[in-house]
Enquirer: 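Attaching a single structure in structure tokens format; questions to follow.
Below, chain A is the first sequence line, B the second, and so on; all start at residue 1. Hydrogens, waters and symmetry mates are skipped; everything else that's a heavy atom, side chains included, is used.
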Amino acid sequence: MIVKGARVLDGSANAMMKGKGTEDDRPWQSYHTVYTTAKAGMELVDKEKVQRVVYEMSKGSKYFQNEERKEAFIKQKIDNLRIQCANLTQEDLAHYQKVADRRIVELEASRDLSRIWLHVDMDAFYAAVETLSNPTLKGKPMAVGSMSMLSTANYEARKFGVRAAMPGFIARKLCPELIFVPTDFKKYTYYSDLTRKVFGRYDPNFIAGSLDEAYLDITEVCRERNVKSEEIAQELRAGVYEETGLTCSAGVAPNRLLAKVCSDINKPNGQYVLPNDRMAVMTFVSSLPIRKIGGIGKVTEHILKGVFGINTCEQMLEKSSYICAFFSQSTADFFCSVGLGLGQTDSPQVRFRKSISSERTFSATKDEVLLHKKLEELAEMLSADMQKEGLSGRTLTLKLKTASFEVRTRAVTLQKYISSSEDILKHAKKLLQAELPISVRLIGLRVSQFNGDKCSAKSDPTQKTITNFITSGDVNRNCSSFPDVADHDFVSNAETDMSIDSRQTGQLDWRDPFDGNYLSDVDYQSCTVQKSDGVEEVSLSPLVLPYITGFRN
DNA sequence: TACCGAAGGACCC
DNA sequence: CACCAGGGTCCTTCGTCC
């Protein structure tokens, strides 16, 4: 009965896009890839056609089959969550509503509208650089990358539906005229450095997100020069153009998460300013699709949409009781803060790399001699990179991608720190040996647990333990289950700083256990145990129904 | 129970 | 002709040891 209900829901959720029973006559509509969602410069693309071509080119391949497998897995997860959702009682809901409301009040209290953040994003960076060094490319559809994968495409190519993360052979099908240019990181780094010189004029401590984007705290420049953020953005973009001949887009907002969203709005060669005003932020966020938020990708979008009907950031708040019921606290915090339009506003920290790796794809083989040779090459490449960076580490991870695209990792942690190719190879061989025989299309090696990055936990386990027990997870909240440049930190800055700081200095000043946050954390815990008089009440703690839980059965 | 290591994923560019 | 990268970050779960 309930299951049936869930199916009905399933149908209606997709009905908006699919109409009834299109599964058979238009199968491509259900094949979603990361690169089929609209991007800047793709408004006029015949999406239906692109979908169809991508599907036709992919159908039946090993890659495709693996995608189907993963898709099925997620679909099942969604179904399960739906059922659990339907089983929530009124009391449960009332309880979680209270939890959510309290949390939202706390998050709201942490809102900081005192800083002005600017996010710069170069327009089709790699492609633009290549065009700069080869002007004959101007006006022609071109993409940077290879037949197997594209890093980016210029705007002419995007008109055909060609875009980053799309395999080249599919792109060529969409646009037979497409010119392929191999990637040349040296070139991009050179231009990236030029842009960064400009960024430094406005915020010497800017955060470089990648070669082509950065976050600047322009609060001080605006104040000192008594100019509006809009003018700073304008001037900065002009400066970048002057220094490099490249265009970029900018977004200005009270925090980094929103600034990033804003820089995408008037791309390319444009900017958008979201004023430091609570109402403006709430209005902005109310209609904003969750997928625009950094950290919410294809899967999370599917789940939130499919299970709770959440499409916009505002709906994160409307459904906050469900969110608190089904997700871990850090994840729930992130989602709610998205609904409030909160994001990081603190000053940048120096972040240290935590791992170094290299991996290579080749045509699938199970030839052990060949595999061994690949492994040896990788060990040498990795070792060379490590020497260059002066790194040594004690955890070695072997990564394999099977001929059927399944990814496996196997790791060992050694007593001593290693960096020589001999050491790496020696242990890598053992890891590989244990997996043979196997047919793989990719091998990778990664070293982590570097010498010198004291893991904070070791220094003072006791203190952490206690704090952790009470605050349950705030310590790692650095980024809820969503990686990336730490955009979604919504909670007070001191906390985040800690987890990052402690890592680099090794000498931590654990933040005082006092800021020991929020009663609500206690609440989260207590609701697990709540009414444990009747022993079987293990039910609905958010900790019991975790987010990405494997549901093996 | 607390930690940590290992394995698997989601996401980003 | 050809059939989907590579370099990272972080989160979550699980098993084992104490």
Side-chain angles (χ1 to χ4, degrees), chain A residues 33-35 54 56-67 70 73-74 121-122 125-126 145-152 164-173 183 185 188 208-213 260 291 293-303 327-328 330-331 334 351-364 381-382 385 394-395 397-399 401 405-413 431 441-442 444 446 448-449 455 457-458 461-462 464-466 468-469 473 476-488 499 543 546-552:
Chain A
T33 61
V34 258
Y35 47 81
V54 169
E56 293 299 337
M57 295 293 289
S58 306
K59 183 178 53 179
S61 68
K62 286 282 198 300
Y63 175 82
F64 185 84
Q65 290 168 18
N66 189 250
E67 288 300 297
K70 292 194 292 187
F73 193 79
I74 290 165
D121 199 326
M122 301 301 295
F125 186 53
Y126 297 175
S146 68
M147 249 354 158
S148 59
M149 187 54 62
L150 302 182
S151 290
T152 189
M166 179 180 277
F169 70 91
I170 293 180
R172 194 193 42 187
K173 188 78 168 185
T183 55
F185 279 99
Y188 314 143
S210 61
L211 286 182
D212 79 320
E213 60 179 84
K260 167 123 191 172
R291 187 64 154 84
I293 302 296
I296 297 185
K298 188 183 120 186
V299 173
T300 306
E301 179 189 33
H302 265 168
I303 292 176
F327 297 99
S328 71
S330 62
T331 303
F334 172 55
R351 311 194 99 214
F352 287 88
R353 83 147 84 208
K354 299 190 171 63
S355 69
I356 185 167
S357 67
S358 54
E359 64 186 56
R360 285 297 175 270
T361 296
F362 41 84
S363 46
M381 287 194 283
L382 181 55
D385 289 349
R394 51 188 285 262
T395 297
T397 305
L398 170 74
K399 173 177 169 181
K401 191 186 282 179
F405 285 86
E406 280 172 85
V407 176
R408 273 186 218 175
T409 57
R410 295 291 179 262
V412 274
T413 298
L431 291 172
R441 64 176 350 264
L442 170 148
R446 167 183 308 264
S448 50
Q449 297 256 43
C455 189
K458 286 183 184 158
T462 320
K464 176 174 184 179
T465 300
I466 294 166
N468 206 22
F469 179 71
N476 292 323
R477 123 160 53 242
N478 181 2
C479 94
S480 68
S481 78
F482 301 81
D484 140 6
V485 206
D487 260 328
H488 0 77
S499 66
L543 306 175
Y547 174 34
I548 302 289
T549 193
F551 46 94
R552 300 210 63 84

Enquirer: Let me know, please, whether A:Arg172 or A:Arg360 comes out on the 5' side of the other along DNA chain C by nearest nucleotide.
Expert: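 Whichever sits nearer the 5' end wins; that is A:Arg172.
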Enquirer: Can you tell me, in whole Å, how much space there is between the P of C:dC4 and that of B:dC13?
Expert: 24 Å
Enquirer: So what's B:dG9 paired with, Watson-Crick or G-U wobble, going by both distances under 3.5 Å?
Expert: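 Paired with C:dC10.
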Enquirer: OP1, OP2 of C:dT12 versus side-chain N and O of A:Ser330: anything below 4.0 Å?
Expert: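 Indeed, a polar side-chain atom of A:Ser330 lies that close.
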Enquirer: As a test of understanding, state which of A:Leu431, A:Thr409, A:Val412 forms a side chain to side chain contact (heavy atoms under 4.5 Å, CB included) with A:Thr397.
Expert: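 Going through the options one by one, the only one that passes is A:Thr409.
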Enquirer: Nearest to the side chain of A:Ile74, which nucleotide is it out of B:dA6, C:dA2, B:dA10?
Expert: B:dA10
Enquirer: One thing to verify: whether A:Glu359 and A:Lys399 come together as a salt bridge, which I'm taking to mean a side-chain N less than 4.0 angstrom from a carboxylate O.
Expert: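 So A:Lys399 pairs with A:Glu359 through a salt bridge.
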Enquirer: If you compare every side-chain N and O of A:Thr397 against the phosphate oxygens of B:dA6 (OP1, OP2), does one of them come in below 4.0 Å?
Expert: no
Enquirer: Between B:dC13 atom P and A:Phe125 atom CZ, what is the distance in whole Å?
Expert: 15 Å
Enquirer: Which base, if any, makes a Watson-Crick or G-U wobble pair with C:dC18, both distances under 3.5 Å?
Expert: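 Matched C:dC18 with nothing under the 3.5 Å cut-off.
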Enquirer: Has the side chain of A:Ser58 got a donor or acceptor that lies under 3.5 Å from a partner of the other kind on the base of C:dC4?
Expert: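 Such a pair is found, so the answer is yes.
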Enquirer: Report yes if a side-chain nitrogen or oxygen of A:Thr300 is closer than 4.0 Å to either non-bridging phosphate oxygen (OP1 or OP2) of B:dC11; otherwise report no.
Expert: yes
Enquirer: Hey, which sits more toward the 5' end of DNA chain C by its nearest nucleotide, A:Lys401 or A:Arg353?
Expert: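 Here A:Lys401 is the residue nearer the 5' end.
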Enquirer: Verify whether the ring centers belonging to A:Phe327 and A:Phe334 lie closer than 6.0 Å.
Expert: no
Enquirer: Take atom CD1 of A:Ile356 and atom C1' of C:dG8, then tell me their distance rounded to the nearest Å.
Expert: 11 Å
Enquirer: When you get a sec, tell me which of B:dG5, C:dC3, C:dG8 is the closest nucleotide to the side chain of A:Thr413?
Expert: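 Taking heavy atoms from C-beta onward, the closest nucleotide is B:dG5.
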Enquirer: Side chains of A:Ser61 and A:Ser58 only: does a donor on one sit below 3.5 Å from an acceptor on the other?
Expert: no
Enquirer: Round to a whole Å and report the spacing from CD of A:Glu56 to P of C:dC4.
Expert: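 Rounded to whole Å, this separation is 17 Å.
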Enquirer: Once you round it to whole Å, what is the distance between C1' of B:dC11 and CZ of A:Phe334?
Expert: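 Distance, rounded to whole Å: 11 Å.
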Enquirer: Nearest to the side chain of A:Ile170, which nucleotide is it out of C:dC4, B:dC11, C:dG7?
Expert: C:dC4
Enquirer: Would one find a side-chain N or O of A:Thr331 under 4.0 angstrom from OP1 or OP2 of C:dT12?
Expert: yes
Enquirer: So A:Leu150, base contact, sugar-phosphate only, or nothing? Heavy-atom distance under 4.0 Å.
Expert: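 A:Leu150: no heavy atom of the nucleic acid under 4.0 Å.
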Enquirer: I want to check one thing: is the phosphate of C:dT12, taken as OP1 and OP2, less than 4.0 Å away from some side-chain N or O of A:Ser328?
Expert: yes
Enquirer: In whole angstrom, what separates A:Arg441's CZ from C:dC3's C1'?
Expert: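 To the nearest whole Å, that distance equals 8 Å.
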Enquirer: Could you check which of B:dC13, C:dC4, B:dA6 has an atom nearest any side-chain atom of A:Asp212?
Expert: B:dC13
Enquirer: Under 4.0 Å between any heavy atoms, over every strand shown, what does A:Leu442 touch: base, sugar-phosphate, or nothing? Just pick one.
Expert: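 Sugar-phosphate only.
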Enquirer: Check the distance between B:dC13's P and A:Met149's CE and give it to me in whole angstrom.
Expert: 15 Å
Enquirer: By nearest atom, which of the nucleotides B:dC13, C:dG6, C:dG8 is closest to the A:Glu213 side chain?
Expert: B:dC13
Enquirer: Students often get this wrong, so: under 4.0 angstrom with heavy atoms, is A:Ser358 touching a base, only sugar-phosphate, or nothing?
Expert: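 If one applies the 4.0 Å heavy-atom cut-off, A:Ser358 turns out to touch the sugar-phosphate alone, with no base involved.
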Enquirer: A:Arg408 has a side chain; which of B:dG8, C:dT9, C:dA2 sits nearest to it?
Expert: B:dG8
Enquirer: Counting any heavy atom closer than 4.0 Å, what does A:Arg410 reach on the DNA or RNA strands: base, sugar-phosphate only, or nothing?
Expert: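 Sugar-phosphate contact only.
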Enquirer: Less than 4.0 angstrom between a side-chain N/O of A:Gln449 and OP1 or OP2 of B:dG5, yes or no?
Expert: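 True: A:Gln449 side-chain N/O within range (under 4.0 Å) of B:dG5 OP1/OP2.
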Enquirer: Using OP1 and OP2 only, check whether a side-chain N or O of A:Ser151 sits under 4.0 Å from C:dA5.
Expert: no
Enquirer: A:Lys260 side chain N/O closer than 4.0 Å to the phosphate oxygens (OP1, OP2) of B:dC13?
Expert: yes
Enquirer: Any salt bridge linking A:Lys260 with A:Glu213? Criterion: basic side-chain nitrogen under 4.0 Å from a carboxylate oxygen.
Expert: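 The answer is yes: the pair qualifies as a salt bridge.
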Enquirer: When all nucleic acid strands are considered with a 4.0 Å heavy-atom cut-off, which category describes A:Lys298: base, sugar-phosphate, or nothing?
Expert: sugar-phosphate
Enquirer: In whole angstroms, how far is the P atom of B:dG9 from the CD1 atom of A:Ile303?
Expert: 13 Å
Enquirer: In whole Å, what is the span from the CZ atom of A:Arg351 to the C1' atom of B:dC13?
Expert: 15 Å
Enquirer: Using OP1 and OP2 only, check whether a side-chain N or O of A:Ser355 sits under 4.0 Å from C:dG8.
Expert: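 No, no such contact exists.
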Enquirer: Run the side-chain hydrogen bond (donor to acceptor under 3.5 Å, both in side chains) check on A:Thr413 and A:Thr395 step by step: do they pass?
Expert: CA-CA 4 Å; A:Thr413 298; A:Thr395 297; 3.0 Å; yes
Enquirer: So A:Phe64, base contact, sugar-phosphate only, or nothing? Heavy-atom distance under 4.0 Å.
Expert: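 Here A:Phe64 touches no strand at all.
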Enquirer: Using a strict cut-off of less than 4.0 Å between a Lys/Arg side-chain nitrogen and an Asp/Glu carboxylate oxygen, indicate whether A:Glu301 and A:Lys298 qualify as a salt bridge.
Expert: no
Enquirer: Could you measure between the two C1' atoms, the one in C:dC3 and the one in B:dC12, and give it in whole Å?
Expert: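 It comes out at 25 Å once rounded to the nearest Å.
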Enquirer: Nearest to the A:Arg394 side chain among C:dC4, B:dG5, C:dA2, which nucleotide is it?
Expert: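 For the A:Arg394 side chain, the nearest candidate turns out to be B:dG5.
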Enquirer: Within the pair A:Ser148 and C:dA2, is there a side-chain N or O less than 4.0 Å away from OP1 or OP2?
Expert: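 Answer no for this pair, as no side-chain N or O of A:Ser148 is under 4.0 Å from OP1 or OP2.
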Enquirer: So, A:Arg446 versus A:Ser355: side-chain donor-acceptor pair below 3.5 Å or not?
Expert: yes
